[in-house]
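Everything below concerns the one structure shown next.
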Amino acid sequence: MPLVTIDVIKDVFTPAQKKDLIAKVTEAMVAVEGEGMRPVTWVRIMEVEQGDWGIGGQLLKAADVQALGNS
């Protein structure tokens, strides 16, 4: 039973985007391992509080991540 964990900064993704992410990650597992994996593939999204995540020595907030997607 595969368990896929996706860590994201809180408030970056909407509920609809998280639903889509879960569906697409599940599809990726099924594409690799076969349809039998669908009912046993677990995908969880773990949200990290803003300011508790950093890259390159800098703290990140939701707005910072959203700005990256718009550049």
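Counting from 1, the numbers follow the sequence of the chain as shown. These numbers were taken from a predicted model, which means no experiment stands behind them.
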Hydrophobic clustering (ILVMFWY, side-chain heavy atoms < 4.5 Å, transitive) - are [Y] and [X] grouped together?
X: V32; Y: V43; value: no
X: L59; Y: V48; value: no
X: L68; Y: L21; value: no
X: V30; Y: V40; value: no

For the student: nearest non-hydrogen atoms of Q50 and A62, plus distance:
OE1-N, 3.1 Å

So which heavy atom on V12 is nearest to which on Q66, and how close?
O-NE2, 3.5 Å

Using 0.5 Å steps for rounding, measure from the [atom1] atom of [X] to the [atom2] atom of [Y].
X: T14; Y: D20; atom1: OG1; atom2: CG; value: 9.0 Å
X: I55; Y: I9; atom1: CD1; atom2: CD1; value: 9.0 Å
X: E47; Y: D7; atom1: CD; atom2: CG; value: 10.5 Å
X: D11; Y: E49; atom1: CG; atom2: CD; value: 8.0 Å
X: M46; Y: I6; atom1: CE; atom2: CD1; value: 11.5 Å
X: L3; Y: R44; atom1: CG; atom2: CZ; value: 5.0 Å

Test: K24 and E27 ion pair at under 4.0 Å:
no

Counting C-beta onward and ignoring hydrogens, is there a side-chain heavy-atom pair between M1 and M37 closer than 4.5 Å?
no

Please indicate whether K10 has more than 12 foreign heavy atoms, meaning atoms of other residues, nucleotides or ligands, lying under 6.0 Å from its NZ.
no

